[in-house]
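What you are looking at is a predicted structure, and each value in this text was computed from that prediction instead of being measured.
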Amino acid sequence: MTTLGTADTFKRQWLDGFVTAYGRTVRKVPDAYGVVRREGGTRPGKVAVVIGGGCGHYPAFAGLVGPGLADGAVVGDVFTSPSAEQVYRTARAADTGAGVLFGFGNYQGDVLHFGLAARRLAAEGIKSRTILVTDDIASGPAAEPERRRGVAGDFLVFKIAGAAAERGYDLDAVHVVAEKANARTRTFGVAFGGCTLPGAAEPLFTVADREMEVGLGIHGEPGVRTVGRLSAAELADELVDGLLPELPEGSRVVALLNGLGRTKYEEMFVTYTRVHERLAEAGLSPVHTEVGEFVTSLDMAGVSLSILVLDDELAELYSAPCDTPGYRTTGAELAQVPLESTVDDLLAETEPGTGVVDRVLTAALRSIEENEAELGRLDAVAADGDHGLGMTRGMRAAVVAARRSGETVSGSLLAAGTAFADAAGGASGALYGVLLAETGAGLKGLAADEITTGALADAVDGAVRAFTELGKAEPGDKTMLDAIEPFRAVLREQAGVDVAQAWRKAARAAVTAAEETAHLLPAKGRAARLAQRSKGHPDPGAVSFSLLVTAVGEELGRNVD
């Protein structure tokens, strides 16, 4: 944030940029830090919904101006309420004679300045009503909701109010339904790191690496308590457990998982899976889900979970269409979406088999899982550090596919190879996929007890040829081929020996070759761009291959011994 001007200039600079970027949707209020709808203004006879607060929360508040949501938004300085004069000018620009509904979070500065503006409007004969959003359960007791702050629930309440006004509700009716939405909305949040004000060198607060703040607000303040860092599933449990006792009666809900500015969408999706599970277990039906950034806190790392419990009226209004810079919806009917099954779920749902393919692939999976972190560390030396994760995903999918295939050794390996490539992705996924699939193709027509070392060596020879044609690597390029080729050669030399014995000897050659790749410089793939950094570290692909074939050899040996 230190490069984005100072707190004194930030409001003007970002609002100028916002209106320049979205001039097709909003226009600036003359002589004010506020925006209103571009489309000729609010139509005559329609209640004007005017929202606002300090900047630093985008898309709240200016990003929510447009048909179906707010008619205007007034912007204060960073985390600071707008002045009464700014509120008044924005409200006058939005009003068309049906009155103004003010909406904002329950903060003293906002209450005072919006209140002063309302008094001034009243003196001029313009009616107004106010909805104070009080959704944050961490900021006050349930018995005293008036003490609670407005956080991400702002968005849900504003969406209801905007839809009601768009539908033609009069001012009192818009206010009543907005109050109902607020009374049925609850939010609970956590933070992993504080935000930094524009021009500042340090964040407002810091969080230790192994900790997190629970019950935070949206103005850079820390939470109400500090706990140890939780996994995605544990975090979801913390959020849901905090909200469930607070929710009013009803089964249909809108669930909003809100990022506070620095948390990646992918991370939020990981958390939401467990949120959805927990809500369903509690008898709630998430008929609409939002995962993204709606009410942020500059660059704070963290998330909050908001739940709006619907009745028929709220469901109809929430599903109404809107079109704003920060949020658009077509007005599709609300309906519960089933929870998707993941590869891990499928693995748990499939019964382990007794066939040789299932046994060796399962043994290989265990080895990869145990070494996932180390494979990631090796890959991070000169690449992106995802090799361990990719191998785990690929092997889990391969095991599931082999178990489900219920076919011969050849068919099971073909299914495993296709699944591995699909789940793992990337270059390693494709290359390991072809190794499994082509080995299976080479064993076509053979039952498990008919596979000799010679037949297996032939199949591996064919797989390595396909691997080389696809990957274009050569020995010495510091790739997994540097472990694969010695394995292939030794297995071929053992053509007349017992399969398990021959495989284990070939696996030992692969282990030695993988270790020796530490002396090489990569010539292929991403690692080639940072070749010198990898010197002294073995190639992660070669290491993962050596782990796989070693685990397979040990499992084959157990069957014999």
Side-chain angles (χ1 to χ4, degrees), residues 7-8 10-12 14-15 29-36 47-58 60-62 64-65 70-95 99-141 144-155 157-158 161 171-172 174-176 178-179 181-183 185 187 197 204 216-221 295-298:
D8 293 337
F10 184 66
K11 175 176 67 173
R12 172 179 56 79
W14 89 257
L15 193 58
V29 176
D31 301 318
Y33 291 105
V35 296
V36 292
V47 172
V49 176
V50 176
I51 61 178
C55 63
H57 304 303
Y58 191 85
F61 297 93
L64 303 180
V65 173
D71 300 281
V74 57
V75 179
D77 288 309
V78 178
F79 299 162
T80 304
S81 66
S83 71
E85 181 67 19
Q86 299 293 311
V87 176
Y88 167 78
R89 293 179 184 180
T90 302
R92 283 300 305 265
D95 177 52
V100 177
L101 178 84
F102 287 124
F104 50 90
N106 186 25
Y107 300 92
Q108 185 177 23
D110 294 294
V111 171
L112 292 174
H113 284 283
F114 276 87
L116 287 172
R119 293 172 67 90
R120 186 170 174 184
L121 291 175
E124 297 177 4
I126 299 175
K127 295 181 179 180
S128 70
R129 298 288 185 272
T130 294
I131 175 64
L132 286 177
V133 183
T134 56
D135 59 304
D136 179 21
I137 68 170
S139 56
E144 300 178 83
E146 69 278 2
R147 291 176 52 187
R148 290 181 165 179
R149 305 173 291 200
V151 284
D154 283 357
F155 169 78
V157 175
F158 298 160
L171 181 59
D172 286 335
V174 173
H175 181 244
V176 168
E179 289 275 18
N182 181 58
T185 300
T187 298
L197 296 179
L204 290 175
L216 75 156
I218 56 170
H219 293 120
E221 65 273 70
V295 182
T296 59
S297 184
L298 290 175

Rounded to the nearest 0.5 Å, what's the gap from [atom1] on [X] to [atom2] on [Y]? Could you check?
{"X": "Phe61", "Y": "Asp154", "atom1": "CZ", "atom2": "CG", "answer": "5.0 Å"}
{"X": "Gln86", "Y": "Ser81", "atom1": "CD", "atom2": "OG", "answer": "11.0 Å"}
{"X": "Ser83", "Y": "Leu112", "atom1": "OG", "atom2": "CG", "answer": "12.5 Å"}

Please enumerate all residues that pass ring pair (Phe, Tyr, Trp, His ring centres under 6.0 Å) together with [X], with sequence neighbours excluded.
{"X": "Phe158", "value": "none"}
{"X": "Tyr107", "value": "His219"}
{"X": "Tyr88", "value": "none"}

Provide the closest heavy-atom pair for [X] versus [Y] in the form atom of the first, atom of the second, distance.
{"X": "Gly56", "Y": "Phe79", "value": "O-CE2, 4.1 Å"}
{"X": "Val35", "Y": "Val29", "value": "N-CG2, 3.9 Å"}
{"X": "Ser128", "Y": "Ala118", "value": "OG-CB, 3.5 Å"}
{"X": "Val295", "Y": "Ala60", "value": "CG2-CB, 4.0 Å"}
{"X": "His57", "Y": "Thr296", "value": "ND1-O, 2.6 Å"}
{"X": "Ala117", "Y": "Ala84", "value": "CB-O, 3.7 Å"}

Which residues pass the side-chain contact (heavy atoms from CB on, under 4.5 Å) test with [X], sequence neighbours left out?
{"X": "Asn182", "answer": "Ile131, Val133, Thr134, Val157"}
{"X": "Pro141", "answer": "Glu144, Arg147"}
{"X": "Thr130", "answer": "Phe102, Phe104, Leu132"}

Subject >> Evaluation steps, side chain to side chain contact (heavy atoms under 4.5 Å, CB included), between Asn106 and Val111 >> reply: CA-CA 7 Å; Asn106 186 25; Val111 171; 3.8 Å; yes
Subject >> Glu179: partners by side chain to side chain donor-acceptor pair (under 3.5 Å), with sequence neighbours left out >> reply: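 Scan of Glu179 (side chain to side chain donor-acceptor pair (under 3.5 Å), adjacent residues dropped) gives His175.
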Original post:
Mind checking what makes side chain to side chain donor-acceptor pair (under 3.5 Å) contact with Thr187, not counting sequence neighbours?
Top reply: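 Per chain and number, Thr187 pairs via side chain to side chain donor-acceptor pair (under 3.5 Å) with Asp135, Ser306.
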Subject >> Sequence-distant partners of Glu146, salt bridge (Lys or Arg N to Asp or Glu O under 4.0 Å), two or more places apart >> reply: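 With sequence neighbours excluded, Glu146 shows a salt bridge (Lys or Arg N to Asp or Glu O under 4.0 Å) to no residue whatsoever.
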Original post:
Does Asp136 have any salt bridge (Lys or Arg N to Asp or Glu O under 4.0 Å) partners at least two apart in sequence or in another chain, and if so, which?
Top reply: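 Expected list: Arg149.
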Donor-acceptor pair, side chain of [X] and main chain of [Y], under 3.5 angstrom:
{"X": "Thr80", "Y": "Gly54", "value": "no"}
{"X": "Arg89", "Y": "Asp31", "value": "yes"}
{"X": "Ser139", "Y": "Arg148", "value": "no"}
{"X": "Asp71", "Y": "Val50", "value": "no"}

**OP:** Using the salt bridge (Lys or Arg N to Asp or Glu O under 4.0 Å) rule, collect all pairs that involve residues 115-126, keeping only residues at least two apart or in two chains.
**Re:**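 Sorted pair list: Glu85-Arg120, Arg92-Glu124.
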**OP:** Scan Val78, Leu298, Leu15 and name whichever one has a side-chain contact (heavy atoms from CB on, under 4.5 Å) with Cys55.
**Re:**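 Per the side-chain contact (heavy atoms from CB on, under 4.5 Å) rule, the option paired with Cys55 is Val78, out of Val78, Leu298, Leu15.
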**OP:** Evaluate the side chain to side chain contact (heavy atoms under 4.5 Å, CB included) criterion for residues Arg129 and Val174: first the C-alpha distance (whole Å), next the side-chain angles of each, then the deciding distance (0.1 Å), finally the verdict.
**Re:** CA-CA 9 Å; Arg129 298 288 185 272; Val174 173; over 6 Å; no
